[in-house]
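Here the structure is a predicted model, which means the values were calculated and not measured. Order of listing sets the numbers, starting from 1, for every ligand and every atom in it.
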Amino acid sequence: MCGIVGYIGGQDATPIILNGLKKLEYRGYDSAGLAVLEDGHIQLRRDAGKLDRLSELVATSPLHGHVGIGHTRWATHGEPNARNAHPHTGATGNVVVVHNGIVENYMELREELAAEGVVFHSDTDSETIVHLIERYLSSQVDLVTAVRKTLGHLKGAHGIVVLSASEPDKIVAARMGNAGGVVIGFGQDETFVASDIPAILEHTRRVTFLESRQMAVITRAGARITTLDGREVRPQVTTVAWDPVSAEKGEFRHFMQKEIHEQVRALTDTLAGRVDYEKDLIRLPQLNLTPEKARQIDKIFITACGTAAHAGMVGKILIEKIARIPVEVNIASEFRYSDPILTPNTVVLAISQSGETADTLAAMEEARRKGAMLWSIVNAIGSQAMRIADGYISMQTGPEIGVASTKAFTAPLVDLYMLAVVLADLRGTLDLDARRSLIKDLALIPDLVGRCLDREADVVAVAHQLKDTRSSLYLGRGINMPIAYEGALKLKEISYIHAEGYPAGEMKHGPIALVDKDMPVIVLAPQDPWHEKMISQIEQARARGGRVVAVATEGDERIASLADHVLWVPSAPWLLSPVVTVIPLQMLAYHIASLRGLDVDQPRNLAKSVTVE
Ligand code: AGP
């Protein structure tokens with residue numbers, strides 16, 4: 001979950017690497033570092049804290065050269081201080097390494113290397129890599145061979161980029177397992193390497209991705225890719241369609257705020273080219289689904305983490321209701337340990353914004369191993385979760401930078417709805433009128449979301465009321481129960497206020513004991529089939545002195561008379577209501593965190609892509 005950038009070409013490497021790292025800070029921001037080859041010697045700058053600190057250091061102590069590598073860290077082993085920052089260098093100072101992943105056997109390797117006389121300068125697992133490379137270089141092999149031999153010692157999943165002063169015309173990169181991607185970008189007489197596309201997008205859109213157990217020798221002229229055992233691989237070069245500007249904040253204070261407001265466009269894009277309103281048809285061609293295959297499906301497992309898992313919970317209701325296929329939602333970190341019962345007719349559907357979440361990828365691998373059909377709903381183009389699936393749906397929302405996921409939550413809700421309609425259609429269980437009506441409802445979505453966003457001022461007013469709260473409860477039922485989980489997750493991850501999402505019907509079995517005047521209760525009570533039940537929930541909370549904030553449908557007088565504050569949403573078809581009800585909760589979390597003066601886009605202890613188990 002760290003960010004890596006490397007450059008080789010005719011330009012000054014330092015600003016290119018620093019700018020690239022800035023785009024990857026969402027992957028980690030505990031410390032940062034940079035190594036550049038200057039007049040035949042490796043020059044190193046590293047500092048604790050965010051990238052700005054490194055930039056200041058580089059400004060006071062500049063370094064220039066045409067080849068270099070950099071890193072922004074999310075600490076796993078060793079405190080986030082300057083000595084643990086990457087790049088790591090060995091005894092000779094001739095080789096530097098940046099690493100993403102965990103060297104699971106680093107203790108054994110450290111002992112082994114220490115016995116050979118190696119002195120360690122950090123507490124990290126990553127430092128073992130550079131010492132192993134130096135061990136092999138000292139036996140007169142070239143850098144590529146030394147890296148290859150080193151990889152043979154490492155347990156776990158890794159993305160590694162290496163630079164040596166003795167072979168200044170190249171950078172060596174490698175990927176083993178799912179520790180985040182390694183993408184190589186091709187320019188004019190210059191080549192880039194990074195852990196994610198946004199880092200290099202302003203320079204080139206022509207990219208290729210390393211698969212697991214592949215290495216690349218990167219030169220100004222391009223990249224030579226081989227498998228770890230030396231077999232040549234022909235790179236598949238893809239042209240990325242993302243606009244680099246969409247990875248900038250623009251007029252907004254934070255990426256999260258920008259991404260919340262981008263949802264009208266993001267949802268329009270996720271529908272674009274898929275829904276044919278004239279023929280009342282939905283097409284998801286990348287799923288590679290035939291009527292025969294669709295009819296064979298006996299069960300769907302949805303697997304994902306965090307926000308993506310909440311989207312999956314809504315997806316379960318949509319698919320079961322519309323397509324009548326049983327669906328189970330499994331948290332991805334548990335999936336591979338739960339010995340799931342999978343058949344060749346079972347679909348395992350992974351949902352992931354990054355497409356690089358280690359737990360989700362491990363769940364997909366388990367599904368592959370057990371012979372299930374493997375699908376994914378993914379935002380990051382070309383990511384592992386997209387590549388290894390038999391079929392996929394691309395969210396088409398553009399890059400999401402804020403650690404708190406917003407547009408990559410609502411887009412998969414719409415994708416899951418489309419999937420449910422396609423499945424029902426192919427299985428022949430949907431009559432024409434029902435299909436027409438379901439598809440007609442989809443067209444409403446961008447406008448409904450826009451109307452929620454127009455009510456931001458109301459949300460700010462409620463945020464002022466709740467900003468000093470210490471703990472809160474989010475309640476929902478049915479299709480809006482996962483929205484209670486999601487609202488609570490949004491609040492806790494960026495505002496550090498304890499928030500618990502709960503199925504409203506479970507309140508009376510324990511949590512109601514918590515309710516008093518200091519405990520805001522956020523109740524999802526739109527006009528859906530559970531509306532009446534939610535009204536009695538509000539009454540129960542009020543009877544215990546609880547302060548109720550309701551998310552309710554415009555014009556709902558009963559809610560207006562019962563709740564202390566109401567976040568109004570426009571009336572929406574109930575199967576699509578989560579797309580609407582989540583918007584005020586995203587804005588509420590954002591404004592509370594912002595009023596508390598917190599770092600909204602880079603909350604403490606978190607990273608955007610969680611590429612470790
Ligand atoms: C969302 O706000 C969180 N930051 C987090 O739960 C996230 O959704 C989770 O880590 C899954 O990420 P993915 O979608 O990239 O797989």
In chain order, what residues pass the side chain to side chain donor-acceptor pair (under 3.5 Å) check against Glu211, with sequence neighbours excluded?
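With neighbours one apart ignored, the set is Arg387.
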For [X], take its heavy atoms, then give the atoms of ligand 1 lying under 4.0 Å from any of them.
X	result
Lys490	1 (C), 2 (O)
Ser405	1 (C), 2 (O)
Gly306	6 (O)
Ser354	13 (P), 15 (O), 16 (O)
Ala404	2 (O)

Heavy-atom side-chain contact between Asn100 and His158 under 4.5 Å:
no
What I'd like to find out is whether the side chain of Leu419 reaches to under 4.5 Å of the side chain of Trp375, using heavy atoms alone.
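Answer yes - side chains close enough.
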salt_bridge([X], [Y]) N-O dist < 4.0 Å:
X	Y	result
Arg336	Asp359	yes
Lys407	Glu262	yes
Glu365	Arg369	no
Lys492	Glu500	no

Which protein heavy atom lies closest to [atom], and at what distance to 0.1 Å?
atom	answer
atom 3 (C) of ligand 1	Glu493 OE1, 3.5 Å
atom 10 (O) of ligand 1	Val610 CG2, 4.0 Å
atom 14 (O) of ligand 1	Gln353 N, 2.7 Å
atom 1 (C) of ligand 1	Thr307 OG1, 3.1 Å
atom 11 (C) of ligand 1	Cys305 O, 3.4 Å
atom 16 (O) of ligand 1	Thr357 OG1, 2.5 Å

Let me confirm one number: the CG-NZ distance from Leu18 to Lys23, rounded to the nearest 0.5 Å.
11.5 Å
Is Glu356 close enough to touch ligand 1? Criterion: a residue heavy atom under 4.0 Å from a ligand atom.
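No, Glu356 has no heavy atom closer than 4.0 Å to ligand 1.
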Using every non-hydrogen atom in the two residues, find where Ile388 and Arg368 come nearest and quote the distance to one decimal.
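Distance-wise, the nearest heavy atoms are O-NH2, 2.8 Å.
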Quick one: does Gly355 get an N or O within less than 3.5 Å of an N or O on ligand 1?
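Looking only at distances, the answer is no, because the N/O contact criterion of under 3.5 Å is not met.
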